[in-house]
*Asks:* 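Sharing a structure below in structure tokens format, with a few things to ask.
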There are 2 protein chains.
Amino acid sequence: MADPVAIGSAFCTHYYGLFDTNRAALVSLYQTNSMLTFEGKQVLGAAGIMQHLSSLPFQQIRHETVTIDAQPTLSGGILVFVSGNLYVDGGQTPIKFSQVFQLLPFEGASGYWVYNDMFRLNYG
Amino acid sequence: MADPVAIGSAFCTHYYGLFDTNRAALVSLYQTNSMLTFEGKQVLGAAGIMQHLSSLPFQQIRHETVTIDAQPTLSGGILVFVSGNLYVDGGQTPIKFSQVFQLLPFEGASGYWVYNDMFRLNYG
């Protein structure tokens with residue numbers, strides 16, 4: 001397998017790039033059995049996850065990654081652990097966050113989709 | 001399966017309890033294919049992981065968990081995402097950390113072992 005950290009980093013560039021510029025396109029990265037836990041709220045499946053992500057209370061957001069760790073995992077998957085900063089609606093004050101993705105390879109296609117997704121803000 | 005969050009919380013109580021009082025006993029929770037990424041440093045296998053954890057530069061530590069998220073994952077496993085505070089050598093100033101564990105069930109026994117482990121300090 002290629003280097004998990006390189007794959008994890010490329011995934012983050014893709015994922016947060018979509019999140020910050022074309023959030024609705026993230027639907028391509030989730031499937032019906034994907035799970036999201038967002039600030040403790042549990043959501044199951046791509047449709048519910050997209051509904052949650054599209055309802056977040058800001059107009060603009062920018063993600064800046066600070067650390068990206070990754071390890072190989074089961075079934076050819078990759079576990080990615082991110083820390084970084086959010087900038088919301090043009091604000092200059094970073095809001096710290098951490099996020100975990102478990103990625104699994106698409107069957108019969110290149111690339112990875114998100115099986116597990118857990119997001120937390122890291123308050124002061 | 002029992003509630004992943006309940007299992008994740010019970011695991012954290014057990015894991016950090018051992019870490020804070022009898023660090024060497026953590027060896028029972030890792031296997032030869034366990035992976036640790038600790039502040040970006042990659043270590044493979046229970047022996048190497050224990051060597052790393054036992055060499056950390058403090059005498060006493062106390063872990064306080066603040067958030068514990070968990071989801072079911074492949075092969076009956078559980079993905080656990082923790083944020084919390086560390087108190088080192090009797091200090092009163094919390095050091096924030098985040099940690100991810102992928103737990104897999106022991107074959108032929110109850111309980112879980114740590115397949116993936118990623119740890120980061122969250123600097124202010």
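Because the structure is predicted, anything quoted here is derived from the model rather than measured. Naming convention: chains lettered A, B, ... in sequence-line order (proteins, then strands); numbering from 1 in each chain.
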*Asks:* Heavy atoms, side chains only, cut-off 4.5 Å: are F81(A) and F119(B) in contact?
*Replies:* no

*Asks:* Enumerate by number any residue of residues 102-110 of chain B whose heavy atoms lie under 4.5 Å from heavy atoms of chain A; in the absence of such residues, state 'none'.
*Replies:*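 From residues 102-110 of chain B, the residues near chain A are Q102(B), L104(B).
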
*Asks:* Please determine whether residues F19(B) and V66(B) belong to a single hydrophobic cluster, defined as Ile, Leu, Val, Met, Phe, Trp and Tyr linked transitively by side-chain heavy-atom distances below 4.5 Å.
*Replies:* no

*Asks:* Quick one: do Y115(A) and I49(A) end up in the same hydrophobic cluster if we chain Ile, Leu, Val, Met, Phe, Trp and Tyr together by side-chain heavy atoms under 4.5 Å apart?
*Replies:*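 Not linked; separate clusters.
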
*Asks:* Is it the case that over 12 heavy atoms from other parts of the model lie below 6.0 angstrom from the CD atom of Q51(A)?
*Replies:* no

*Asks:* Answer with yes or no whether the hydrophobic clustering places Y16(A) together with V88(A); edges join I, L, V, M, F, W, Y residues whose side-chain heavy atoms lie under 4.5 Å apart.
*Replies:* yes

*Asks:* Spell out, yes or no, whether I78(A) and V100(B) are grouped together once hydrophobic residues are joined by side-chain heavy atoms under 4.5 Å, including indirect joins.
*Replies:* no

*Asks:* Is V5(A) close to chain B through its backbone or its side chain, or both, or neither, when contacts mean heavy atoms under 4.5 Å?
*Replies:*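 For V5(A), the contact with chain B is made by the side chain alone.
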
*Asks:* Which residues in residues 30-42 of chain B have any heavy atom lying under 4.5 Å from a heavy atom of chain A?
*Replies:* M35(B), L36(B), T37(B), G40(B), Q42(B)

*Asks:* Distance check, rounded to the nearest 0.5 Å: L44(A) atom CG versus Q71(B) atom CD?
*Replies:* 9.5 Å

*Asks:* Tell me the closest heavy-atom pair linking D69(B) and M118(A), and the distance in Å.
*Replies:* CB-SD, 3.6 Å

*Asks:* Under the criterion side chain to side chain contact (heavy atoms under 4.5 Å, CB included), I'd like the reasoning laid out for K96(A) against N122(B): C-alpha separation, chi angles, the key distance, then a yes or no.
*Replies:* CA-CA 9 Å; K96(A) 293 187 173 297; N122(B) 299 132; 5.9 Å; no

*Asks:* Hydrophobic cluster membership, with links at side-chain heavy-atom distances under 4.5 Å among I/L/V/M/F/W/Y: are L56(B) and Y87(B) in one?
*Replies:*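 No.
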
